[in-house]
Amino acid sequence: MAEIISGKAVSAAKREEIKNRVAELNSKGKQVGLAVIIVGNNSASRVYVNNKKKACEEVGINSYEYALPEETTQEELLELIKDLNTNDEVNGILCQLPLPSHIDEQAVINAIDHKKDVDAFHPFNVGHIMIGDYTFLPCTPAGIMEMLKYYNISVSGKKCVVIGRSNIVGKPMAMLLLKENGTVEICHSRTENLKEETLTADILVAAVGKADFVTADMVKDGAVVIDVGMNRNKEGKLCGDVCYEEVEKKASFITPVPGGVGPMTITMLLENTVRAVEI
Ligand code: GUN
């Protein structure tokens, strides 16, 4: 039976630390502010944005929501970002993805001042992650690294397999594991014999977006299994990418869904927002 890696527990400890840092800044007359932009009516995005705002409140960060209609043009969105870039009350800018299909996401990301890019999606910050010298780390991979550290799980020399090659999770996750001296492999939808690859993993990160994608026969005995998925199964229940019931019997450590990676992603957003003021 695997030990559960509790994102809730690691989050609670980290958020306490962040709360103290915000209070310290406040005592010096500095406020911390995050602008959160949401375009359209994506219900999952609405839940994420609400959770992010609630987390800000919890630690004393001011959050400013910009909820724009689905029909918002790219020019209008870029205009708003331009204003926020020069707004001194706003230290971090987050534009919730996905955006409606008529808007070019990369153009929007590129428009955010990299010093306010608390998602670490801007090419400037992505480049710094490649070099291994960074101000902001992308929230989900950074949250996973925090959890590994908290549970004293060493990455150095370990075989790490990441399933998924997104700019948000898969690619930066690989870079952070590499920085900690892991031997890293990225698998994706075109990978041949995926199971052969995943069976070599000491640390397996699943960021696929498909319910129950990782089954026990794909997991090496004693592996550390990190589940980034946030899906609904056929019964409408929230679940990850990993078939939890069968994999937890084989793994040494496993993250649950909910209560695993999710809370850490938001916590690292708070971390980046405070850092934007501290630096
Ligand atoms: N959509 C899903 N995850 C994220 C995230 O971490 N940041 C933003 N901006 N949008 C997302």
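In this chain, residues are counted from 1 in sequence order. Note that the structure is predicted; figures quoted are calculated from it, not measured. All values below come from the heavy atoms of this structure, side chains included, with hydrogens, waters and symmetry mates left out. When a ligand or atom number is given, it counts from 1 through the structure's own listing order.
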Problem set entry | From CA spacing to verdict: side-chain contact (heavy atoms from CB on, under 4.5 Å), M1, E248 | CA-CA 6 Å; M1 284 260 284; E248 67 105 25; 3.3 Å; yes

Problem set entry | Within residues 196-206 or reaching into it, pairs that qualify as side chain to side chain donor-acceptor pair (under 3.5 Å) - sequence neighbours excluded | K159-T200, D202-K220

Exercise. How about H114 and F124: are their ring centroids closer than 6.0 Å?
Worked result: yes

For this session: Give a yes-or-no answer on whether the side chains of D212 and N233 include a donor-acceptor pair shorter than 3.5 Å.
Result: no

Seminar exercise, completed: Lining ligand 1 at under 4.0 Å, by non-hydrogen atom distance, are residues K52, L94, C95, Q96, L97, D119, F121

Problem set entry | Donor-acceptor pair between N42 and R46 side chains, under 3.5 angstrom | no

Exercise. Taking atom types as modelled, is there a side-chain donor on N110 or Q106 under 3.5 Å from an acceptor on the other?
Worked result: yes

